[in-house]
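In what follows, chains carry the letters A, B, and so on, assigned in the order in which the sequence lines appear, proteins first and then strands, with residues in each chain numbered from 1. Heavy-atom basis, side chains included; hydrogens, waters and symmetry copies ignored.
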Protein chains: 2
Amino acid sequence: MRRAVTIKHVAAEAGVSLQTVSRVINNEPNVRPVVQERVRAAVAKLGYVPSLAARRMGGSRSYLLMALNDRDRTIEGWKSGEGTDWVDQMLMGGMLKCESHGYRMIFELVDTHSDHVDRAVRAALAALHPDGVILTPPHSENPAITGLLSQLGLPFARIASIAEGDGFAVSMDDAEAAAHATDHLLSLGHRRVGFVTGSPQYAVSDARLSGYRAAMSASPHGLDETLIGRGDFSYESGVAAVDALLDLPSPPTAVVCSNDRMALAAIRTAQRRGLSTPSDLSVVSFDNTPLARFADMTAVIQPVAEMSAVAADLLIRFKAGETDLPSQSRVAFGFAPRGSTAPPRSGGSR
Amino acid sequence: MRRAVTIKHVAAEAGVSLQTVSRVINNEPNVRPVVQERVRAAVAKLGYVPSLAARRMGGSRSYLLMALNDRDRTIEGWKSGEGTDWVDQMLMGGMLKCESHGYRMIFELVDTHSDHVDRAVRAALAALHPDGVILTPPHSENPAITGLLSQLGLPFARIASIAEGDGFAVSMDDAEAAAHATDHLLSLGHRRVGFVTGSPQYAVSDARLSGYRAAMSASPHGLDETLIGRGDFSYESGVAAVDALLDLPSPPTAVVCSNDRMALAAIRTAQRRGLSTPSDLSVVSFDNTPLARFADMTAVIQPVAEMSAVAADLLIRFKAGETDLPSQSRVAFGFAPRGSTAPPRSGGSR
DNA sequence: CTGTTAGCGCGTTCAA
DNA sequence: TTGAACGCGCTAACAG
């Protein structure tokens with residue numbers, strides 16, 4: 001096995017010192033263009049690429065970003081194969097962004113609810129020494145983790161978290177998205193539009209609910225609190241919530257669900273009761289996962305890839321010494337109208 | 001920011017030399033149980049975790065495994081959001097296995113067809129110095145990559161590759177799986193069972209075809225080569241192949257497709273022609289992706305997670321000095337009977 | 001069985 | 001503007 005080419009070889013090839021090569025590699029000032037060119041040529045010729053491990057040892061950067069996901073949720077998602085492509089989207093956004101900066105992203109799974117969160121996170125940090133950490137829900141709102149990172153002075157980003165606090169918050173406007181989804185239904189002619197909430201554990205749940213409330217209040221039909229069903233993001237909770245809504249004396253003709261599984265539950269529950277979608281019940285989902293696509297559900301698109309890309313970008317730039325980085329970033333949400341929404345059967349009046 | 005705890009601190013705490021701590025950490029022999037215990041206590045007390053970067057610098061291992069995926073295919077999959085959960089399954093299998101050995105898995109995307117494959121792979125290797133590389137299709141059969149790794153003496157595993165050659169081949173028995181799928185249809189009473197091949201670029205395509213041929217030849221109805229349609233894994237190719245099969249004077253009543261997209265194409269094509277699944281055309285898919293699950297397709301399950309786990313395990317054990325590791329590993333395939341297969345409408349006879 | 005010495009490939013701090 | 005010396009945290013090779 002040929003020995004790897006190191007900065008030494010490049011220095012020798014270019015006839016300069018190690019240091020000069022280092023400066024060129026890192027785009028530091030104080031190198032004459034001529035010398036710079038000579039070094040670059042040597043780098044190209046030898047195919048030199050600096051070793052991340054050595055860089056981390058000598059310098060202050062590891063060129064590593066750590067993405068922290070919830071262990072149980074992630075593994076369960078993989079096992080069930082429900083195709084929630086959250087991880088894929090994170091990789092696409094975060095990893096590609098890292099790549100373009102010479103960084104790598106490493107995935108770590110940690111239990112949010114474990115007593116050992118602290119120890120687990122510390123261990124991962126000690127092993128990897130990442131330059132920054134990207135937190136996804138529910139970690140992004142777990143004080144045990146955000147507190148630890150703050151205390152350690154390690155830069156981190158909170159994805160889909162709107163709470164104030166340390167770290168870069170990167171989110172989409174959940175309230176506005178919920179309002180948009182609601183307006184979509186209203187503009188189709190629906191008067192009674194229901195809503196199924198997510199788990200109160202997640203801050204986004206509140207935001208979505210308030211967006212729905214705002215849209216309904218602003219509509220001529222007004223807000224009717226009885227049209228709000230409580231869910232917790234699980235399929236079962238969706239079934240229960242929608243059953244309750246449809247049991248109402250004056251049931252909704254359309255419903256906005258706080259995620260895809262509950263939206264699917266809505267469709268199936270309606271079906272079980274002899275109602276069909278979209279003619280009897282229009283349904284909007286809040287996640288554009290493969291499930292939503294296959295089930296042809298109109299959905300709010302969470303820009304997971306973009307959020308991770310922004311998160312990675314912020315952390316990298318912060319580590320590079322940039323200042324005046326926004327502590328709160330909003331990424332535009334998307335909306336995909338599909339076959340699960342249509343005007344109400346009788347034109348909106350009963 | 002508190003300084004990280006290093007091996008030095010542990011050595012001081014335990015009152016031994018650095019080297020002794022290192023030995024204990026790495027489970028090396030020649031340490032008295034008493035001392036070992038003392039060191040372990042110090043490690044626990046201080047919450048010490050060795051730095052991967054430093055280990056790589058000093059020693060011969062980096063505790064990193066690199067998973068090499070095809071760039072275009074992967075990104076396209078993520079973008080289309082078709083929910084092909086190959087990456088997820090790889091992570092689940094490989095990453096969790098790595099984790100249990102103190103390793104990490106890093107994802108890298110490289111263009112198979114690029115002229116720069118060589119350069120791209122070399123760059124990734126130089127930056128990361130992984131202890132091993134996991135190759136997925138089509139990389140696992142790309143001589144530009146396998147050759148480079150062989151030449152570099154870097155251990156690697158080829159997932160879903162059955163070709164002879166360097167590196168650990170980890171695969172499922174595609175031929176047997178295809179035979180199983182075919183037998184499933186035969187045992188339901190189908191006599192004319194068709195087959196849609198995958199792209200000949202992939203070795204598994206041949207294996208699947210030969211399994212189909214074997215099963216048909218062994219059946220009382222015999223093998224009919226005209227029932228074999230040529231596809232390339234794309235939806236469009238599936239449409240074309242199935243259209244051709246259904247145009248036959250005596251068309252098949254069931255078909256085994258070499259992947260999920262073509263299986264979906266089969267169902268939709270039949271539908272377009274006024275045939276319904278499974279009553280008029282039974283369909284078996286060869287991938288158990290979310291798409292197959294949502295479309296309720298009977299499918300062969302590729303044990304992607306298990307294959308990556310085995311691959312990671314082999315590489316880690318190899319690096320740890322274990323010998324007599326199998327150069328070819330077979331992982332059992334799975335089979336999920338669902339709603340896309342049923343007995344033929346007229347009991348199998350026309 | 002244990003400790004000492006010498007790097008690994010870089011970035012950082014200084015001096016030139 | 002450039003270069004030399006030093007050390008990061010760890011393991012390998014050796015000495016005791």
[X] [atom1] to [N] [atom2]: how many Å, rounded?
| X | N | atom1 | atom2 | result |
| --- | --- | --- | --- | --- |
| A:H9 | C:dC8 | NE2 | P | 10 Å |
| B:N30 | D:dA15 | CG | P | 17 Å |
| A:N26 | C:dG9 | CG | P | 17 Å |
| B:I7 | D:dC10 | CD1 | P | 5 Å |
| B:K319 | D:dT11 | NZ | C1' | 14 Å |
| A:L46 | C:dG9 | CG | C1' | 15 Å |
| A:Q36 | D:dT1 | CD | C1' | 12 Å |
| A:I25 | C:dT12 | CD1 | P | 14 Å |

Expected output: side-chain [X] to main-chain [Y] donor-acceptor under 3.5 Å:
| X | Y | value |
| --- | --- | --- |
| B:R158 | B:A163 | yes |
| B:D70 | B:R73 | yes |
| A:S62 | A:H129 | yes |

Do any of residues 53-65 of chain B sit with a heavy atom less than 4.0 Å from DNA chain C, and if so which?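 The stretch gives B:M57, B:G58 as the residues lying under 4.0 Å from the strand, ordered by number.
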task = Classify the nucleic acid contact of A:P50 as base, sugar-phosphate or nothing, counting any heavy atom under 4.0 Å across all strands shown.
result =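 Sugar-phosphate, backbone atoms only, no base.
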Closest listed nucleotide, where the reference is the side chain of [X] and the choices are [options]:
| X | options | result |
| --- | --- | --- |
| B:S17 | C:dG11, C:dC1, C:dT4 | C:dT4 |
| B:V16 | C:dC1, C:dT12, C:dG3 | C:dG3 |
| A:Y48 | C:dT13, C:dT2, C:dC10 | C:dC10 |

Open item on the list: Under a 3.5 Å threshold, yes or no: a donor from one side chain and an acceptor from the other, between A:N26 and A:R61?
Closed with: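 There is no such pair (donor and acceptor under 3.5 Å, judged by atom type) between the side chains of A:N26 and A:R61.
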| request: Establish, from distance only, whether the side-chain atoms of B:R330 and B:S171 form a donor-acceptor pair under 3.5 Å. | output: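 Side-chain D/A pair, B:R330 to B:S171: present.
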For [X] and [N], is the shortest distance between a side-chain N/O and OP1 or OP2 below 4.0 Å?
| X | N | result |
| --- | --- | --- |
| B:T20 | C:dG3 | yes |
| A:T6 | C:dG9 | no |
| B:S22 | D:dT11 | yes |

Can you establish whether the number of heavy atoms outside B:E322 located under 6.0 Å from its atom CD is more than 12?
->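 Buried by this count: over 12 neighbours within 6.0 Å.
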**Message:** Would the base of C:dG11 count as contacting A:R23 through its side chain, where contact means a donor and an acceptor less than 3.5 Å apart?
**Reply:**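 Answer is no: no donor-acceptor pair is held.
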- Query: Would you call A:R71-B:E99 a salt bridge at under 4.0 Å N-O?
  - Reply: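 Judged by the 4.0 Å cut-off on N to carboxylate O distance, A:R71 and B:E99 do form a salt bridge.
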Next on the checklist: Quick check on DNA chain D: between A:V31 and B:L18, whose nearest nucleotide comes earlier from the 5' end?
Outcome noted: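 This one resolves to A:V31.
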key: Axis-to-axis angle between the two ends of the helix from C:dC1-D:dG16 to C:dA16-D:dT1 (five base pairs per end, rounded to 10 degrees)   =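 Taking five pairs per end, the axes differ by 40°.
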With side chains defined as the heavy atoms from C-beta onward, is the minimum distance between [X] and [Y] less than 4.5 Å?
| X | Y | answer |
| --- | --- | --- |
| B:Y63 | B:R56 | no |
| B:L125 | B:P130 | yes |
| A:V87 | A:T74 | yes |

